[in-house]
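Just so you know, residue 1 is the first one in the sequence shown, and it goes up from there.
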Amino acid sequence: MAAQLKDKTALVTGAGSGICLAFAKLLLANGCNVVIADLQLLPEAQSLVTETTDAKPKAIFKKTDVTDWNELQAAFDIALEEFGGLHIVCPGAGIFEPLWSSFFNFDGGVDNNSTSSYKTLDINVNHPIRATQLAIDSFIRQKLDRGNVVHISSIAAQKTPFPVPIYSASKHAISGFVRCLAPLDISHKIRVNAVAPGIVKTPIWTQSKDKLLWFDDNVDTWVTPEEVADVMLDLIVNDEWVGGTILEVGSGNVRSVQAFNDPGPQGSGHQVSNANEAVVNSFALIKERFGK
């Protein structure tokens, strides 16, 4: 595995924390340089950059608002300038439909007539699509024998969670997008695939007081960021996973998600027992924000 990644370079958005930080650490451990493109770094991510400053491989940080296409382009540019090549792209930055960009918080957050957009979609859909365009362009310009793009979808792409409809729509979009690009594996040796994690213990859950209440520690099971990162790496190094593959990642279980007649999430790590409370809160927001 290490031989396949040694001296390669990866660009990972959202690696300041969570799944993508775990993925960045795993890439480095296997000899791959990493450009972390994010708005900020958690202390663990900052330590990773600091500790590898004079090392090989190493991680560098490029402050990036992934919704700004110029800043996203700059992250790609610095990867080539610093390391002389780019072989792996993971547009992993994402948000979990926070209240300030919630469908049910009608005109109560940043999604309104003055912005004419949904921030959740800007981050979760527009950014990974643009990053994939930039990746394909870069791979072709470099005449690579193999380029990889690894997306982060979700089990929300297989379900219909009422409290987070924009988030769910964004993950349905990513899964569909990845499947559409499957032919690139044969035509250009560019493999675009994705993981679809379950309930992963990352800051988008642990730093959100309302969503953390959905989880019952006595019943539900977390998926670890490291479990997801391991599968992301496998998508790169394992030829079994052809372009368009989407791998569901639960707690101790991995399976390929089928495009048609898929049974839905299987095994542990996919359940939040207190989600009904979120449904009640969503209806409360409808009463508060709509029809006024």
Before you tell me yes or no, could you show the steps for Leu235 and Asn148 under side chain to side chain contact (heavy atoms under 4.5 Å, CB included), namely the whole-Å CA-CA distance, both residues' side-chain angles and the distance that decides it to 0.1 Å?
CA-CA 9 Å; Leu235 283 170; Asn148 289 89; over 6 Å; no
If you round to the nearest 0.5 Å, how far is OG of Ser102 from CD of Glu97?
5.0 Å
Please report the C-alpha distance between Ile88 and Ile236 in whole Å, then the side-chain angles of each, then the deciding distance to 0.1 Å, and finally whether the side chain to side chain contact (heavy atoms under 4.5 Å, CB included) criterion is met.
CA-CA 8 Å; Ile88 299 161; Ile236 294 170; 3.7 Å; yes
Apply the side chain to side chain donor-acceptor pair (under 3.5 Å) test between Ser117 and each candidate in Asp111, Asp122, Asn112; give the one that qualifies.
Asp122
Carefully, step by step, assess Asn30 and Leu233 under the rule side chain to side chain contact (heavy atoms under 4.5 Å, CB included).
CA-CA 10 Å; Asn30 283 277; Leu233 193 69; 3.7 Å; yes
Assess whether a salt bridge exists between Asp77 and Lys62, defined as any Lys/Arg side-chain N lying under 4.0 Å from an Asp/Glu carboxylate O.
no
Using 30° and 60° as the class limits, which term best fits the ring planes of Phe290 and Phe103: parallel, tilted or perpendicular?
tilted
Which pair of heavy atoms, one from Ala131 and one from Phe76, lies closest together, and at what distance?
O-CZ, 3.4 Å
Using a 4.5 Å cut-off on heavy atoms from C-beta on, say whether the side chain of Glu227 contacts that of Val254.
no
Would a single hydrophobic cluster contain both Ile204 and Leu21, if residues Ile, Leu, Val, Met, Phe, Trp and Tyr are joined by side-chain heavy-atom contacts under 4.5 Å?
no
Supply the atom-to-atom distance Asn193 CG to Ile246 CD1, rounded to the nearest 0.5 angstrom.
9.0 Å
Assess the pair Phe215 and Trp205: is the distance between their ring centroids shorter than 6.0 Å?
no
So, Gln46 and Thr50: side-chain donor and acceptor under 3.5 Å apart, yes or no?
yes
Side chains of Trp100 and Asn105: do they bring a donor and an acceptor to under 3.5 Å?
no
Determine whether Leu48 and Leu28 make a side-chain contact, defined as any pair of heavy atoms from C-beta on separated by less than 4.5 Å.
yes
Give a yes or no answer on whether the side chain of Asn33 reaches the backbone of Thr9 with a donor-acceptor pair at less than 3.5 Å.
no
Same cluster for Val34 and Leu39 if Ile/Leu/Val/Met/Phe/Trp/Tyr side chains link at under 4.5 Å?
no
Heavy-atom pair with the smallest gap, counting every atom of Val223 and Ser251:
CG2-N, 3.6 Å
Trp241 and Leu27: same hydrophobic cluster, using ILVMFWY side-chain contacts below 4.5 Å?
yes
Ignoring hydrogens and geometry beyond distance, is a side-chain donor-acceptor pair present between Ser175 and Ser153 at under 3.5 Å?
yes
Which value, rounded to the nearest 0.5 Å, describes the distance between Gln73 atom CD and Ser138 atom OG?
9.0 Å
Is the ring centre of His87 less than 6.0 Å from the ring centre of Phe139?
no
Start with the C-alpha distance between Thr67 and His127, add both sets of side-chain angles, then the distance that settles side-chain hydrogen bond (donor to acceptor under 3.5 Å, both in side chains), and finish with yes or no.
CA-CA 6 Å; Thr67 67; His127 134 250; over 6 Å; no
Pair Asp68 + Arg130: basic N to acidic O under 4.0 Å:
no
4.5 Å side-chain heavy-atom contact, Pro98 and Gln207:
no
I'd like to know if Leu5 and Phe23 are part of one continuous hydrophobic network [Ile/Leu/Val/Met/Phe/Trp/Tyr, side-chain heavy atoms within less than 4.5 Å].
yes
Is there a side-chain contact between His188 and Ile140, using heavy atoms and a 4.5 Å cut-off?
yes
Enter the distance from Lys171:NZ to Ser154:OG here, rounded to the nearest 0.5 Å.
6.5 Å
If you measure from the Lys or Arg side-chain nitrogens to the Asp or Glu carboxylate oxygens, is any gap between Arg191 and Asp239 under 4.0 Å?
yes
Is there a side-chain contact between Thr13 and Cys90 (heavy atoms, below 4.5 Å)?
no
Do Val257 and Val195 sit in one hydrophobic cluster, given that two such residues count as connected whenever their side-chain heavy atoms are within less than 4.5 Å of each other, even indirectly?
no
Are any of the side-chain heavy atoms of Lys25 and Glu44 separated by less than 4.5 Å?
yes
Answer yes or no: are there more than 12 heavy-atom neighbours, outside Gln142 itself, under 6.0 Å from its atom CD?
yes
Measure the spacing between CZ of Phe96 and NZ of Lys211 and express it to the nearest 0.5 Å.
5.5 Å
Looking only at heavy atoms, what is the nearest atom pair of Leu41 and Ile36, with distance?
CD2-CG2, 3.7 Å
Before you tell me yes or no, could you show the steps for Ser282 and Leu285 under side chain to side chain contact (heavy atoms under 4.5 Å, CB included), namely the whole-Å CA-CA distance, both residues' side-chain angles and the distance that decides it to 0.1 Å?
CA-CA 5 Å; Ser282 297; Leu285 273 173; 5.7 Å; no
Keeping Thr202 on the side-chain end and Ile19 on the backbone end, is there a donor-acceptor pair under 3.5 Å?
no
Should we count CD1 of Ile186 as having more than 12 external heavy atoms under 6.0 Å?
no
Decide yes or no for Ile199 and Asp220: does some side-chain heavy atom of the first lie under 4.5 Å from some side-chain heavy atom of the second?
no
Taking the side chain from Glu248 and the backbone from Gly198, do they hold a donor-acceptor pair closer than 3.5 Å?
no
Using only heavy-atom distances, determine whether the side chains of Ser170 and Asn124 contain a donor-acceptor pair under 3.5 Å.
yes
Is Ser168 reaching over with its side chain to a backbone N or O of Val164, donor-acceptor style, under 3.5 angstrom?
no
Report the distance from atom CD of Glu226 to atom CE of Met232, rounding to the nearest 0.5 Å.
12.0 Å
Lys58 and Glu82 ion-paired at < 4.0 Å:
yes
I'd like to check Thr132 versus Phe177 (side-chain heavy atoms, cut-off strictly below 4.5 Å). Are they in contact?
yes
Decide whether His172 and Gln158 meet the rule of one side-chain donor and one side-chain acceptor closer than 3.5 Å.
no
Would you check if there is a donor-acceptor pair between the side chains of Glu51 and Thr53 at a distance under 3.5 Å?
no
Closest non-hydrogen atoms of Pro91 and Pro128, given as atom of the first, atom of the second and distance, are CB-CA, 3.7 Å
Taking every heavy atom of Thr52 against every heavy atom of Pro57, the minimum-distance pair comes out as CB-O, 4.1 Å
Can Thr221 and His270 be said to form a side-chain hydrogen bond (donor to acceptor under 3.5 Å, both in side chains), step by step?
CA-CA 8 Å; Thr221 304; His270 305 307; over 6 Å; no
Non-hydrogen atoms of Phe104 and Pro165 that approach each other most closely
CE1-CD, 3.7 Å
Is it true that Asp185 and Lys189 make a salt bridge, defined as a side-chain N closer than 4.0 Å to a carboxylate O?
no
Can the ring centres of Phe283 and Phe162 be said to be less than 6.0 Å apart?
yes
